[in-house]
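Note on naming: letters A, B, ... go to the chains in the order of the sequence lines (proteins, then strands), and numbering restarts at 1 for each one.
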Protein chains: 2
Amino acid sequence: MEVRRQDIHNSDIPVVCRACEARHGGVCGALTSEQLTELNKHSSRHRLETGSEVIGQGETVVNYSNIMRGVVKLTKVMADGRQQIVGLQFAPDFLGRPFLTESAITAEAATDSEVCNFPRTVLDRLVKKTPELEHMLHQQALKELDEARDWMLTLGRKTAQEKVASFLYLIATHIDPESVDMSAFDLPLSRADIADFLGLTIETVSRQFTKLRKENVIRIENNRHVTVPDMDRLMRYAGND
Amino acid sequence: MEVRRQDIHNSDIPVVCRACEARHGGVCGALTSEQLTELNKHSSRHRLETGSEVIGQGETVVNYSNIMRGVVKLTKVMADGRQQIVGLQFAPDFLGRPFLTESAITAEAATDSEVCNFPRTVLDRLVKKTPELEHMLHQQALKELDEARDWMLTLGRKTAQEKVASFLYLIATHIDPESVDMSAFDLPLSRADIADFLGLTIETVSRQFTKLRKENVIRIENNRHVTVPDMDRLMRYAGND
DNA sequence: CTCGCCATTTGATTTTGATCAAGTGCAACC
DNA sequence: GGTTGCACTTGATCAAAATCAAATGGCGAG
């Protein structure tokens, strides 16, 4: 039942995938070199500029993607325009909703990004034949579910200050999985996006940034670059004791 | 690759499962009669009184469950006691977080309920051997993820009135999957639970109920029984246009 | 029947965050 | 150098929901 990849240095693996896998641990890791070669025939890399849409709410899904670089935001909008970010995805996350053809959310590059696209039909076929691949996708879905539920607590029960601190803590711990030092990073989202993520207005977000800055919980340069002198202190501000 | 159940009337299937499956479409449907028999050796049914805990936040998971009857609430609590319901599960949902031994949430019977428990170790072993079972669990995880994201929009961007209307609409459409008529039902949650679900206080919930009643969107008897004369109208109040 | 216990409702007041309305700072462009 | 545009900040006011504080109402025990 177990389908195991050969040695990662196996020359059967497409060059582009070899370079990719070395850096990331995405779902492709579940595939044999033959399957990778097959998938690679239909896959294509794309650069996404900030703000460009991967898929829109209500549209038909033709592609799944792997995020190679950057941050992708998942949003839901109401009829009157109110908007909520329901997820942030970082490399090497899988992007897409298996087994449904209509997307319930909009996915949009929050920063300059790079993705690897594969046709839905090809991957769906591969999933049916490869239990290990479904397992990877299942794990990712469960991870996203855990994150969504954590965030529900933040949205429903935290104060504006705690929400903003929670956001900063989230970014600090997710933006660069390689790095050990989480105390300095660039925000991948604008104030408007942060507000949409936290269920606040940009004004409230701005005020809370100012407050955290004045209380020396964070330092900010150029509106985007953040330094955290004491991560535990930030965590306490976030309400995660 | 496909592992198909035999005819549902196959006498190899444990009696208790036959009765169960006929009514529900839970994850056990993915198992062969042999596997069902095996699982059944270790499984046990339990009645849960309202308020009794299935698993606590931070505890070690020893059992997974299938909900046979009733409603189970999934909650998260902060150190200072603030609480958020992050999911509601109805029969025949699967209850548990595969592949993790420590629970990140508390699961508690919201109404009198009945569950079928199986040891984590037995099911985990079965999942490894049965791709179809993992597929069912994957589907359920994706469904819960979709629901969680819908709810994030409600928590982050809707008004108190819209939140309460959204809750009523959710219950109307989920409480009795068999029934065609969704216009009358009993609330499975107390005002306090509803508040925890909506990220509000009980007072605000109560006031919104009163308002919806006065505007003839709903009728309420005995604090728990709700009638909805016009479901579309309720949906508009919920902000789902 | 009455008491006491809950859950729920209702009312008065306060607080938090939203809204409305200017400012500020910075980079691109002429 | 000055103008424009944009993202963000700051300030004043407002509104929604939280908080604090009593009622109310149903229900089981005595």
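Distance B:Leu212 CG to C:dT9 P: 12 Å, rounded to the nearest Å. Separating the CD atom of A:Glu162 from the P atom of C:dG17 is a distance of 9 Å, rounded to the nearest angstrom. Summarising the geometry, the separation between CD1 on B:Ile202 and P on C:dT10 is reported as 13 Å, rounded to the nearest angstrom. In this entry the distance linking CG of A:Leu200 with C1' of C:dT19 reads 14 Å, nearest Å. Across the protein-nucleic acid pair, B:Asn222 atom CG and D:dG26 atom C1' stand 9 Å apart, rounded to whole Å. Rounding to whole angstrom units, NZ of residue A:Lys211 and C1' of D:dT10 are separated by 15 Å. Rounded to an integer number of Å, the gap from CZ of A:Arg207 to C1' of C:dT16 is 11 Å. Atom pair A:Arg82:CZ and C:dA18:C1' shows a separation of 13 Å (rounding to whole Å applied).
Ring orientation note: the planes of A:Phe90 and A:His174 are tilted relative to one another, at an angle of 30° to 60°. In this pair, B:Tyr64 and B:Phe94 present their aromatic rings tilted. The plane angle is within the 30 to 60° band.
For A:Gln208 and B:Ala192, each mapped to the nucleotide of DNA chain C holding its nearest heavy atom, the one lying further toward the 5' end belongs to B:Ala192. Nearest-nucleotide positions on DNA chain D for B:Ala160 and A:Leu189 put A:Leu189 closer to the 5' end. If you find the closest nucleotide of DNA chain C to B:Phe209 and to A:Lys158, the one lying nearer the 5' end belongs to B:Phe209.
Neither OP1 nor OP2 of D:dT10 sits under 4.0 Å from any side-chain N or O of A:Ser206. Regarding contacts with the backbone of C:dT9, a side-chain N or O of B:Asn223 is found under 4.0 angstrom from either OP1 or OP2.
Minimum atom distance to the side chain of A:Glu203 is reached by C:dC20, of the listed C:dC20, D:dC8, D:dT9. Checked against C:dT9, D:dT9, D:dC8, the side chain of A:Ser190 finds its nearest nucleotide in D:dC8. Set against C:dT8, C:dT9, D:dT9, the side chain of B:Arg224 has C:dT8 as its closest nucleotide. Residue A:Thr201 has its side chain nearest to C:dA18 when only D:dA17, C:dA18, C:dT8 are considered.
A salt bridge does not link A:Asp196 to A:Lys73: none of the charged side-chain nitrogens sits closer than 4.0 Å to a carboxylate oxygen. The residues B:Arg157 and B:Glu162 are annotated as not salt-bridged, no charged nitrogen and carboxylate oxygen being separated by less than 4.0 angstrom.
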| task | Evaluate the side-chain contact (heavy atoms from CB on, under 4.5 Å) criterion for residues A:Leu88 and A:Ile171: first the C-alpha distance (whole Å), next the side-chain angles of each, then the deciding distance (0.1 Å), finally the verdict. | result | CA-CA 10 Å; A:Leu88 282 183; A:Ile171 298 303; 4.1 Å; yes
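Interface remark: the A:Arg191 side chain does not form any donor-acceptor pair with the D:dT10 base, using a distance-only criterion of under 3.5 Å.
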